[in-house]
Amino acid sequence: MSFFTTNDGTRLFYEDWGQGAPVVFASSWALNADMWEYQVPALVEQGLRCIVYDRRGHGRSDRTGHGYDIDTLADDLAALITHLDLSNVTLIAHSMGGGEVVHYLARHGSDHITRIALISAILPFLCQTEDNPEGVPEAVFKSISGQFREDRVQYFTQRAQAFFATHLGNKVSPELVQWTTEQCLYNSPMALLQCWRTNFYTDFRAEMQEITLPTLIIHGTADASALIDVTGRRSAKLVPGNIYKEYQNAGHGLFITHKHQLNNDLLAFIQG
């Protein structure tokens, strides 16, 4: 297995497939590099180089007792790009990965990046405040955190079907639902709690308004993890000149349920 070392000595797992223009994937909260199983082959077969990695505390990467703030997480992404000496990169992010990509641009600049794609991203700012009335009340965050802390296995298992919006006809085998749930369980519980806190309380609104790169934003209308009115539609209003697409009846797990549509949209965006 391949690993790179971050600025604070943390070892993070990564895979590097194919040749050509590089595409780096930033994964969802509680998932790892394996979540991109249906995207990587499709893009590699079209002449692209695909790089996936496990966030610290996730999957095969080190379970450090620190570093789950947004600065460090963005620096981890920068360390990967530096380690592989990448340029002309397309960054593709899902869920929490969207915040890491946006903050990477604000913190490290766009010299190495050509374009970004934000898929089901939990942006621009979740926490409800006086100047962010569209956000989620803090009491909801504390309730969800409490459920996670009480029974983490039940927490993920009970949300699996909603993750894919199977009640709206999205086809996912029971085995694939179980595999995704198992990915969520193979992480540091403390890391997940701290990442969830970072994702909830970080305000990305100003940084999103400063993005100058071509940006593709994709969101499912039935996303129960990142409600589209709180996230996707608000994000589309902030990023200048973005391409915005809604997938009807798609849940948070659209990278599986709508994989062919997503792959086509990503390829058109990259090759356009």
Side-chain angles (χ1 to χ4, degrees), residues 1-4 12-28 31-55 58-61 73-74 76-105 108-121 123 176 180 183 211-220 235 239 241-245 247 250 252-272:
M1 294 194 294
S2 298
F3 293 86
F4 69 98
L12 301 187
F13 169 83
Y14 76 97
E15 292 183 352
D16 187 351
W17 295 95
Q19 305 292 324
V23 180
V24 176
F25 294 81
S27 300
S28 174
L31 295 178
N32 59 48
D34 295 341
M35 69 169 284
W36 302 108
E37 174 180 351
Y38 298 104
Q39 283 65 57
V40 170
L43 271 60
V44 167
E45 289 165 3
Q46 293 298 316
L48 296 167
R49 177 185 177 187
C50 292
I51 299 142
V52 294
Y53 73 103
D54 290 354
R55 179 186 294 107
H58 290 62
R60 291 138 293 199
S61 291
L73 295 173
D76 288 349
L77 174 56
L80 173 61
I81 292 171
T82 298
H83 173 72
L84 295 175
D85 192 24
L86 302 178
S87 58
N88 300 318
V89 177
T90 297
L91 292 177
I92 298 176
H94 181 268
S95 191
M96 180 178 180
E100 291 164 324
V101 163
V102 168
H103 197 60
Y104 166 88
L105 294 177
H108 296 277
S110 59
D111 289 348
H112 297 273
I113 314 302
T114 300
R115 63 185 68 82
I116 66 171
L118 305 173
I119 304 165
S120 309
L123 296 166
L176 189 47
T180 305
Q183 268 196 66
I211 294 174
T212 59
L213 296 173
T215 301
L216 173 65
I217 299 174
I218 295 175
H219 217 95
S235 295
V239 180
N242 70 85
I243 301 169
Y244 178 62
K245 294 179 178 288
Y247 287 7
H252 206 54
L254 58 78
F255 57 93
I256 290 177
T257 60
H258 292 66
K259 55 184 177 290
H260 300 301
Q261 182 179 359
L262 177 61
N263 293 346
N264 288 337
D265 283 338
L266 290 174
L267 282 169
F269 178 60
I270 294 169
Q271 297 173 345

Expected list for residues 211-220: side-chain donor-acceptor pairs under 3.5 angstrom, two or more places apart:
from	atom 1	to	atom 2	distance (Å)
Thr215	OG1	Leu213	O	3.0
His219	NE2	Asp223	OD2	3.4
His219	NE2	Ala226	O	2.8
His219	NE2	Thr231	OG1	3.1

Test side chain to side chain contact (heavy atoms under 4.5 Å, CB included) applied to Asn263 and Gln39, step by step
CA-CA 6 Å; Asn263 293 346; Gln39 283 65 57; 3.1 Å; yes

Which residues pass the side chain to side chain contact (heavy atoms under 4.5 Å, CB included) test with Gln261, not counting sequence neighbours?
Tyr247, His258, Asp265

Would you say Lys245 has more than 12 foreign heavy atoms packed within less than 6.0 Å of its NZ?
no

Residues in ring-ring contact (aromatic ring centres under 6.0 Å, His included) with Phe3, at least two apart?
Phe13

All side chain to side chain donor-acceptor pair (under 3.5 Å) counterparts of His112, not counting sequence neighbours
none

Note, Ser27 side chain near Asn32 side chain (heavy atom, < 4.5 Å)
no

Over all heavy atoms of both residues, which pair between Met35 and Ser28 is shortest? Give the atoms and the distance, please.
SD-N, 3.4 Å

Taking only residues two or more places apart in sequence or in another chain, which ones pass side chain to side chain donor-acceptor pair (under 3.5 Å) with Gln183?
none

CD (Gln19) with more than 12 external heavy atoms under 6.0 Å
no

Roughly how far, to the nearest 0.5 Å, is the CD1 atom of Ile119 from the CZ atom of Phe255?
9.5 Å

Using a 4.5 Å cut-off on heavy atoms from C-beta on, say whether the side chain of Tyr14 contacts that of Leu80.
yes

Does Ser235 have any side chain to side chain donor-acceptor pair (under 3.5 Å) partners at least two apart in sequence or in another chain, and if so, which?
none

Under 3.5 Å, side-chain donor or acceptor atoms of residues 41-54 against the rest of the protein: list the pairs with distances, not counting sequence neighbours.
from	atom 1	to	atom 2	distance (Å)
Arg49	NE	Asp16	OD1	3.0
Arg49	NE	Asp16	OD2	3.3
Arg49	NH2	Asp16	OD2	2.6
Asp54	OD1	Ala33	N	2.8
Asp54	OD1	Arg60	NH2	3.3
Asp54	OD2	Arg60	N	2.8
Asp54	OD2	Arg60	NE	2.9
Asp54	OD2	Arg60	NH2	3.2

Please round to the nearest 0.5 Å and tell me the distance separating atom NE2 of His108 and atom NE2 of His103.
7.5 Å

Just list the side-chain donor-acceptor pairs under 3.5 Å for residues 91-98, sequence neighbours left out, or say none.
from	atom 1	to	atom 2	distance (Å)
His94	NE2	His252	O	2.8
Ser95	OG	His252	NE2	3.0

Are any non-hydrogen side-chain atoms of Ile81 and Ile113 less than 4.5 angstrom apart?
yes

So, using side chain to side chain donor-acceptor pair (under 3.5 Å) as the criterion, who are the partners of Tyr244 when residues are at least two apart?
Glu246

Nearest 0.5 Å, what's the CG-CD1 distance between Leu262 and Ile256?
11.0 Å

Tell me, which pairs form a salt bridge (Lys or Arg N to Asp or Glu O under 4.0 Å) where one or both residues lie in residues 82-101, sequence neighbours left out?
Arg55-Glu100

Between CH2 of Trp36 and CD of Glu15, what distance do you get to the nearest 0.5 Å?
14.0 Å

What distance do Phe4 atom CZ and Ser61 atom OG have between them, rounded to the nearest 0.5 Å?
7.0 Å

Residues Val24, Tyr104; criterion side chain to side chain contact (heavy atoms under 4.5 Å, CB included); working and verdict:
CA-CA 13 Å; Val24 176; Tyr104 166 88; over 6 Å; no

If you look at every heavy atom in Leu266 and Ala117, which pair is closest and at what distance?
CD2-CB, 3.9 Å

